[in-house]
Novice: 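Have a look at the structure that comes next, please.
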Amino acid sequence: MSKDRKTSTGSGILTKIVRNQCFIPLIALLLLVAFNLIADPGFFKITLADNSAGNPVLSGFLVTILDSGSELAILAIGMTLVTAASGGQDISVGAAVAIAGSVLLRVLCGSNSRPETLQAPIIVAFLVSCLVAMLFGAFNGVLVAYFNIQPMIATLILYTAGRSIAAWVNNNELPVISEPSFKYFGEFIPGIPIPTPFFIAVACMIVIGLVLKFTDLRLYTEAVGINQDSARLNGLDPKVVKVLSFVILGVCVAVVGLIKVSRISTINYSVIAKDIEMDAILAVALGGNALSGGKFNMAASIIGAYVIQFLTTTLYKFHVQSDALPAYKAVVVIILVVLSAPKVREWLAGLSKRSMKKEAV
Amino acid sequence: MKKKKFSLKDLTDTNLLLTITIVVFFLMYIGAILFQGGGFTKPQTFFNILNANAALIILSCGLSLVMITGGIDISVGGVTALISMCCAVYLDFHGGNVSTSLLMALGIGLAFGIFQGFLVAYLDIQPFIITLAGMFFARGLTTIVNTKPFNVANEAFTKLKLTRVIVPGMGAPNRRGVYVDAYVELGVVVAILVVIVMFCFLRWTKLGRSFYAVGGNHQSALMLGINVKRTRFISHVLCGLLAGIGGFVYFLHVGSGSAAHATGAEMDAIASSIIGGTMLTGGVGNIVGTFFGVLSLGTIQNIVSSAGLDEAWWSGITRAVMLCLFLVIQSVVMARKKKA
């Protein structure tokens, strides 16, 4: 305890590290790494082997984390903005990913569900799906901003209907794409042993980093999230900012849709991106961002996303069924949320103060 | 006394939204009779809607209570699945009896209600996050209890499941001209009892009125000397208890345990409450409206399936459209009232 006191009163580097928002997810990551090291060091083995297409690729649990965590990281970017601006979360991202993927396949396949060749360039299909996802994002945003509906309830609409819409886009058929180059986005580009989703995620991070650095997006979003009335009095339009955050999330959703569909070259409407909304919200929460809006830290959210994937992969490794996963994650969420509740924090702070006093006596 | 001219402003928020709901329901049912004909004129069709939605009525009542106090609970669907799985496993694999399984159902519901209520009311955590976690927890736990879906073969239970309550004077001759009595399942009786009890509770008890006060403005409620935290806590506990009852009624209706049970029931329950005129912001709502909200959803589902549309995805879309419509109606009506 006395050590804690020294660091908190002194202006040491340690204080800075502890104060940093990335501290919480990194500690969680360290705990997970330590746990895996003790349980089975084989977790960290990475091997280079040829995949079915004959390309040398890396494989191992860490690569899986890098691979699947990238989808989550992309969603976490959008979710952080939505959380910061509107003080609520979008629970329709999974359903929206299904719609984006379905639209993508629809454009690529045309009317035939199993085409020999692609009916449109992939980039065109992606842009169309991007546009559709942005429209659905705008729909959510308008409900939230203009009709003053709580974000989680407003997005409940799309959560209920999304997968049905996705199935309807393709007449409930399951199109299959045989074009091998379509698989590049979700798996590997020949000659590069690192999974492509990671590069896509890095690209997204660079874009959002530049946007936050060179535009006023961060300032506007935080201003609206902290107090939208004073933001309005300062000449900002909170409605536009909120809709914008949902539209940006739409773009993220479209990118994830591309990766998800490319991974399996087809789509399963009821399973694609299932429960991903929970993971995305969890990533934001783990990143230490207030779920009630306001200031945010993008890097912490992204690290949070990879930590969540680390947890998922660890659970899988211990043969936890995929359907049972949510139970464990829910426990993590509850612990996180309870620990970050102001009341509990006050109580904990009081507790440490009291014990310090005892020591002094 | 001079008769006052009737205008919208004279209605309280609760009654205004309730009126909209009931009118919409009757218009829809009449529309169904006119355009679909046949089936909808028979009373049994109506009773079948009740049979299929008895559990949903109870769950929605619980949600309305929480929503009136300004909270939300989306764990009810998961809790329902967990209860039916636990009861099914207990009855079939451990040779349990029905009354103990009922107690177990109530216990599970209460446990969720008390835990979530404590976190929401006393630790000030956003109810949506906690109950979202609760929903995932319940769903995951269901799979851990038992993976494979199965039908319950317990004798006492099947006997109870097949118990029919005959509604006098509502029967109709069937195709062969034999008179068949109209019936409802036991669950419907429970559901209607719950609706009546909850209606009276909200209308005439001190605690019930304080639900509205807390939901309307919790600061003024505090000034009035209402224990806001306790009221919120009780609303969640009651919702949990009703989820327990609803879960058992659901189990009685389907007679099987499966992790996929009651998928989206929480969404249906929220939608029913909203359609029934419960405001998301709290303070406004009526159990009778919720009852009609459930019936509206059930009727839509019936119309969709009898129109021969592929139910799996059409019902999802129609429900969402309806939810969206009522949310927007609420928002617009309230905005206009405020201006007036």
Side-chain angles (χ1 to χ4, degrees), chain A residues 87-89 91-92 95 139 142-143 146-154 156-169 171-172 269-270 275 277-279 281-282 285 291-292 320-338 340-344 347, chain B residues 67 72 74-75 78 82 115-116 118-119 122-130 132-145 147 259-260 263-264 266-268 270-271 274 280-281 310-325 327-332 334-335:
Chain A
Q89 286 75 37
I91 59 165
S92 70
F139 169 75
V142 167
L143 283 182
Y146 289 87
F147 290 98
N148 275 326
I149 302 169
Q150 290 137 315
M152 284 180 156
I153 304 292
L156 194 65
I157 296 171
L158 200 56
Y159 178 96
T160 323
R163 289 174 196 278
S164 303
I165 295 173
W168 173 69
V169 167
N171 288 324
N172 218 1
Y269 304 112
S270 55
D275 297 343
E277 48 276 344
M278 180 76 167
D279 283 353
I281 296 171
L282 195 50
L291 289 179
S292 47
V320 172
Q321 278 170 341
S322 62
D323 289 339
L325 271 184
Y328 297 92
K329 280 190 198 159
V331 173
V332 178
V333 179
I334 292 175
I335 293 173
L336 263 179
V337 175
V338 167
S340 64
K343 286 254 169 94
V344 180
W347 182 73
Chain B
M67 281 161 72
I72 194 132
I74 55 171
S75 68
L82 181 63
F115 182 68
Q116 291 173 165
F118 175 75
L119 292 185
Y122 291 101
L123 295 185
D124 271 338
I125 300 174
Q126 275 189 24
F128 211 109
I129 296 288
I130 276 302
L132 187 74
M135 160 177 140
F136 280 96
F137 182 68
R139 286 251 173 245
L141 211 57
T142 313
T143 326
I144 294 172
V145 171
T147 330
T263 317
E266 56 281 336
M267 307 303 160
D268 286 348
I270 294 172
I274 291 172
L280 279 165
T281 41
D310 186 355
E311 208 193 330
W313 39 292
W314 268 109
S315 66
I317 294 180
T318 41
R319 269 187 249 169
V321 167
M322 196 147 172
L323 178 61
C324 179
L325 198 73
L327 275 174
V328 171
I329 287 180
Q330 273 192 8
S331 162
V332 170
M334 285 303 142

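For the numbers below, each heavy atom of this structure counts, side chains included, while hydrogens, waters and symmetry mates do not. Chain A is the first sequence line, chain B the second, and so forth, proteins listed ahead of strands; every chain is numbered from 1.
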Novice: Identify, with sequence neighbours excluded, every residue that meets side-chain contact (heavy atoms from CB on, under 4.5 Å) alongside A:L325.
Specialist: A:T312, A:L315, A:Y316, A:V320
Novice: Which bit of B:I74 is near chain A, if near means a heavy-atom gap under 4.5 Å: side chain, backbone, both or neither?
Specialist: neither
Novice: Start with the C-alpha distance between A:Q150 and B:F128, add both sets of side-chain angles, then the distance that settles side chain to side chain contact (heavy atoms under 4.5 Å, CB included), and finish with yes or no.
Specialist: CA-CA 10 Å; A:Q150 290 137 315; B:F128 211 109; over 6 Å; no
Novice: Show your reasoning for whether side chain to side chain contact (heavy atoms under 4.5 Å, CB included) applies to A:F139 and B:C324.
Specialist: CA-CA 11 Å; A:F139 169 75; B:C324 179; 3.9 Å; yes
Novice: Pick one of side chain, backbone, both or neither for B:V321, based on which atoms fall under 4.5 Å of a heavy atom in chain A.
Specialist: neither
Novice: Please tell me if the side chains of A:P326 and A:M278 come closer than 4.5 Å, counting only heavy atoms from C-beta onward.
Specialist: no
Novice: Who wins among A:V331, A:I281, A:V332, A:I149 for the most heavy-atom pairs under 4.5 Å with chain B?
Specialist: A:I149
Novice: Where does A:Y269 contact chain B at under 4.5 Å (heavy atoms): side chain, backbone, both or neither?
Specialist: neither
Novice: Please flag which part of B:T147 lies under 4.5 Å from any non-hydrogen atom of chain A: side chain, backbone, both or neither.
Specialist: side chain
Novice: Select one option (side chain, backbone, both, neither) describing which atoms of B:I125 are under 4.5 Å from chain A's heavy atoms.
Specialist: side chain
Novice: Let me know if A:L158 has heavy atoms under 4.5 Å from chain B in its side chain, its backbone, both or neither.
Specialist: neither
Novice: Please state whether the side chain, the backbone, both or neither of A:L282 comes within less than 4.5 Å of a heavy atom of chain B.
Specialist: neither
Novice: Calculate, to the nearest 0.5 Å, the distance between atoms CD1 and CE belonging to A:I91 and B:M267 respectively.
Specialist: 5.0 Å
Novice: Can you tell me which portion of B:M135 sits under 4.5 Å from chain A's heavy atoms? Options are side chain, backbone, both or neither.
Specialist: side chain
Novice: Name the region of B:L119, side chain, backbone, both or neither, that has any atom closer than 4.5 Å to a heavy atom of chain A.
Specialist: side chain
Novice: Evaluate the side chain to side chain contact (heavy atoms under 4.5 Å, CB included) criterion for residues B:L123 and B:I130: first the C-alpha distance (whole Å), next the side-chain angles of each, then the deciding distance (0.1 Å), finally the verdict.
Specialist: CA-CA 11 Å; B:L123 295 185; B:I130 276 302; over 6 Å; no
Novice: Quick check on the interface: out of B:I129, B:I274, B:I72, who has the most heavy-atom pairs with chain A under 4.5 Å?
Specialist: B:I129
Novice: Applying salt bridge (charged side-chain N to carboxylate O under 4.0 Å, His left out), can you list everything that pairs with B:D124, at least two apart in sequence or on another chain?
Specialist: A:K343
Novice: Would you sort out whether B:L327 and A:F147 count as a side chain to side chain contact (heavy atoms under 4.5 Å, CB included), showing the intermediate values?
Specialist: CA-CA 8 Å; B:L327 275 174; A:F147 290 98; over 6 Å; no
